[in-house]
Undergrad: 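Structure incoming, see below.
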There are 2 protein chains.
Amino acid sequence: MGDHAPEAAEVFDLGAFLPYRMAVAAERLSVGMSKRYRDEFGISIAEWRVLVNIADRGAVSVRDIEREVHLEKSKASRAASRLEAGGYVTKAVNAQDRRLVVLQLTEAGEALMAQLARIAMAYQARLDQMLAPEIAPLNRAIDRILSDL
Amino acid sequence: MGDHAPEAAEVFDLGAFLPYRMAVAAERLSVGMSKRYRDEFGISIAEWRVLVNIADRGAVSVRDIEREVHLEKSKASRAASRLEAGGYVTKAVNAQDRRLVVLQLTEAGEALMAQLARIAMAYQARLDQMLAPEIAPLNRAIDRILSDL
DNA sequence: CCTCGCTCGTTGCGACTGCAATGGTTGCGG
DNA sequence: CCGCAACCATTGCAGTCGCAACGAGCGAGG
């Protein structure tokens with residue numbers, strides 16, 4: 001028995017552990033955005049990613065979304081369904097390959113996207129400014145993490 | 001090409017949007033770790049954070065965990081319960097303030113923690129090496145994100 | 001033509017999540 | 001001493017998640 005003592009010596013410094021730090025930082029960055037999206041427009045992060053992808057490419061399938069914006073396919077599928085229910089997206093069958101879905105923005109979807117894009121760009125500008133000194137190496141580091149490993 | 005189609009002009013470049021980039025990068029970093037923790041030890045990320053916090057501080061409450069390692073209190077509470085069920089942690093009532101819980105590692109918990117810490121430190125070393133050129137500014141950027149905003 | 005292996009999107013399932021509400025505890029102000 | 005606001009941990013709930021399984025569609029090979 002004896003020492004139930006504190007082991008004060010740092011067993012492991014979570015505050016210096018990169019995966020933890022990145023996760024917390026990423027959540028911080030998302031939270032402002034996503035809260036605003038959710039409260040003001042009823043849009044989740046997954047839905048936002050789907051929206052952007054459709055806006056960029058005009059017509060996409062669930063598979064495309066999965067590949068392009070890192071959304072597991074069931075998540076992409078459900079996000080698309082919610083967007084359809086909200087009237088922002090239409091879902092159709094691809095005539096050339098009837099396994100594929102064709103997702104496209106409605107007018108409401110385009111309008112929404114325009115608003116969200118404005119907010120996002122303003123946010124990005126603020127971040128760029130705030131991180132000015134280290135934005136370049138930060139982006140290099142992220143690129144490396146995304147490509148390697 | 002009577003295209004009403006592609007709007008090719010980039011509406012919004014998600015691939016350059018920092019919150020998105022950070023989220024994907026953070027997930028990448030976590031995935032290796034968390035998969036291994038899960039498969040080999042049955043431990044989730046939340047449980048891992050709780051474990052580290054207890055290991056570092058000897059005896060903590062749910063509130064402490066919430067503050068120290070960014071876990072919403074219900075999440076911390078449930079993670080602690082799972083760890084208790086797994087035999088890694090004991091839960092008791094703080095005698096000075098009976099609202100508080102006292103979480104402590106069992107011997108099994110300490111043994112587990114030792115293993116996880118070794119894996120984590122090896123992973124951290126690998127990341128440090130991989131990101132050597134930009135690790136310093138990366139850490140500055142993360143610190144700025146965590147403190148500001 | 002039919003079969004077989006593969007792809008795509010959806011859905012069932014059990015687990016997990018955040019949030020709000022709950023029950024229990026404390027300590028301060030009167 | 002009492003009442004009451006603040007605090008702590010847990011839990012109910014409805015929504016979401018990841019994974020595996022599924023049905024439907026495709027196309028190559030015989």
Side-chain angles (χ1 to χ4, degrees), chain A residues 23-24 26-28 30-39 42-50 53-54 59-86 89-104, chain B residues 23-24 26-28 30-39 42-50 53-54 59-86 89-104:
Chain A
V24 177
E27 204 210 331
R28 267 274 213 297
S30 290
V31 105
M33 286 265 82
S34 67
K35 266 214 156 45
R36 191 153 172 208
Y37 284 4
R38 169 81 54 221
D39 296 346
I43 295 296
S44 73
I45 292 182
E47 285 152 25
W48 150 249
R49 290 193 193 175
V50 171
N53 198 239
I54 303 178
V60 300
S61 66
V62 169
R63 167 192 64 173
D64 294 332
I65 296 170
E66 178 174 25
R67 290 178 185 162
E68 294 287 324
V69 295
H70 284 90
L71 279 185
E72 198 256 350
K73 67 177 179 174
S74 68
K75 202 169 173 179
S77 171
R78 292 194 251 238
S81 294
R82 288 191 295 263
L83 287 171
E84 186 191 25
V89 154
T90 58
K91 209 188 297 188
V93 175
N94 183 317
Q96 279 74 44
D97 184 339
R98 305 216 320 259
R99 291 170 302 181
L100 297 176
V101 168
V102 179
L103 296 169
Q104 285 177 293
Chain B
V24 176
E27 205 211 332
R28 267 273 213 298
S30 290
V31 104
M33 285 265 83
S34 66
K35 266 215 156 47
R36 191 156 171 206
Y37 283 6
R38 168 85 49 223
D39 295 346
I43 294 296
S44 72
I45 291 182
E47 286 151 24
W48 152 249
R49 290 193 193 176
V50 170
N53 198 239
I54 303 178
V60 301
S61 67
V62 169
R63 166 193 64 171
D64 294 332
I65 295 171
E66 177 175 26
R67 288 177 186 162
E68 293 287 324
V69 295
H70 284 90
L71 279 185
E72 199 257 350
K73 66 178 178 174
S74 67
K75 202 169 170 177
S77 171
R78 293 195 250 238
S81 295
R82 287 191 294 263
L83 287 172
E84 186 191 24
V89 155
T90 59
K91 208 189 298 188
V93 176
N94 183 317
Q96 279 75 44
D97 184 340
R98 305 218 316 259
R99 291 170 300 182
L100 297 175
V101 168
V102 179
L103 296 169
Q104 285 177 295

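Throughout, protein chains are lettered first and strands after them, A, B, ... in sequence-line order, and every chain is numbered starting at 1.
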Undergrad: With the side chain of A:Val62 defined as its heavy atoms from C-beta on, choose the nearest nucleotide among D:dT10, D:dC8, C:dT10.
TA: C:dT10

Undergrad: Please confirm whether any donor atom in the side chain of B:Arg98 sits under 3.5 Å from an acceptor in the base of C:dT25, or the reverse.
TA: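 A donor-acceptor contact between them is absent.
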
Undergrad: What is the distance from CG of A:Asp39 to P of C:dG18, rounded to the nearest Å?
TA: 16 Å

Undergrad: Other residues, nucleotides and ligands only: do more than 12 of their heavy atoms fall within 6.0 Å of CD on A:Glu68?
TA: yes

Undergrad: So what does A:Ser81 touch, heavy atoms closer than 4.0 Å: a base, only the sugar-phosphate, or nothing?
TA: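 Nothing: the residue A:Ser81, judged by heavy atoms under 4.0 Å, touches no strand.
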
Undergrad: B:Glu84 CD to D:dA9 P: how many Å, rounded?
TA: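 These atoms are roughly 14 Å apart.
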
Undergrad: Nearest-nucleotide wise, let me know which of B:Leu100 and A:Glu47 is further upstream toward the 5' end of DNA chain D.
TA: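 Upstream on the strand: B:Leu100.
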
Undergrad: Kindly point out which of D:dG18, D:dC26, D:dT16 is positioned nearest to the side chain of A:Ser74?
TA: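 Nearest nucleotide to the side chain: D:dG18.
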
Undergrad: Counting distance alone, no hydrogens or angles: does the base of D:dG18 have a donor or acceptor under 3.5 Å from a partner atom on the side chain of A:Arg78?
TA: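 Answer is yes: a donor-acceptor pair is held.
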
Undergrad: Determine whether a donor-acceptor pair (N or O, by modelled atom type, separation under 3.5 Å) exists between the side chain of B:Arg49 and the backbone of B:His70.
TA: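 The answer is yes, because a donor-acceptor pair under 3.5 Å joins these two groups.
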
Undergrad: Using 0.5 Å steps for rounding, measure from the NZ atom of B:Lys73 to the CZ atom of B:Arg67.
TA: 11.0 Å

Undergrad: Starting at CZ of B:Arg49 and ending at C1' of C:dT17, how long is that distance when rounded to a whole Å?
TA: 14 Å

Undergrad: Find which nucleotide of DNA chain C each of A:Glu27 and A:Ser77 is nearest to by heavy atoms, and output the residue with the more 5' nucleotide.
TA: A:Ser77

Undergrad: Atom CG in B:Leu103, atom CG in B:Leu83: separation rounded to 0.5 Å?
TA: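 Reported to 0.5 Å precision, the distance equals 8.5 Å.
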
Undergrad: Within this structure, what is the CH2-to-P distance between A:Trp48 and D:dT16, rounded to whole angstrom?
TA: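 That distance rounds to 19 Å.
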
Undergrad: Consider the side chain of A:Lys75, meaning its heavy atoms from C-beta on, and name the nucleotide among D:dG18, C:dT26, C:dC16 that approaches it most closely.
TA: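 Among the listed nucleotides, the one closest to the side chain of A:Lys75 is D:dG18.
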
Undergrad: Testing A:Val60, A:Asp64, A:Asn53 for side chain to side chain contact (heavy atoms under 4.5 Å, CB included) with A:Val69, which one passes?
TA: A:Asn53

Undergrad: At 4.0 Å (heavy atoms only), tell me whether A:Ser44 reaches a base, stays on the sugar-phosphate, or touches nothing.
TA: nothing

Undergrad: Once you round it to whole Å, what is the distance between P of C:dG18 and CG of B:Leu71?
TA: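 Rounding to the nearest Å, CG of B:Leu71 and P of C:dG18 are 9 Å apart.
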
Undergrad: Please report the closest heavy-atom contact between A:Glu47 and A:Ala79, naming both atoms and the distance.
TA: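 Nearest heavy atoms, A:Glu47 then A:Ala79: CG-O, 3.8 Å.
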
Undergrad: May I ask you to test the B:Glu66-B:Ser77 pair for a side-chain heavy-atom distance under 4.5 Å?
TA: no

Undergrad: Please state whether the phosphate of C:dG9, meaning OP1 or OP2, lies under 4.0 angstrom from any side-chain nitrogen or oxygen of A:Lys73.
TA: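 For C:dG9, OP1/OP2 do not have a side-chain N/O of A:Lys73 under 4.0 Å.
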
Undergrad: What's the closest nucleotide to the side chain of B:Arg99 if the choices are D:dC8, C:dG9, D:dT10?
TA: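 Shortest atom-to-atom distance from the side chain points to D:dC8.
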
Undergrad: Assign each of B:Glu72 and A:Ser61 to its nearest nucleotide of DNA chain C by heavy atoms, then name whichever residue's nucleotide is nearer the 5' end.
TA: A:Ser61

Undergrad: Does the side chain of B:Arg63 get closer than 4.0 angstrom to OP1 or OP2 of D:dC8 through an N or O atom?
TA: yes

Undergrad: Once you round it to whole Å, what is the distance between C1' of C:dC8 and CD of A:Glu66?
TA: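 These atoms are roughly 10 Å apart.
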
Undergrad: If you count the non-hydrogen atoms of other residues, nucleotides and ligands that lie under 6.0 Å from CZ in A:Arg82, is the total more than 12?
TA: yes

Undergrad: Could you check how far CD of A:Gln96 sits from P of D:dC26, rounded to whole Å?
TA: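 After rounding, the gap between these two atoms is 10 Å.
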
Undergrad: If you fit an axis to the five pairs at each end of the helix from C:dC1-D:dG30 to C:dG30-D:dC1, how big is the angle between those two axes, to 10 degrees?
TA: 10°

Undergrad: Taking CG from B:Asp97 and P from D:dA6, how many angstroms apart are they, rounded to a whole number?
TA: 17 Å

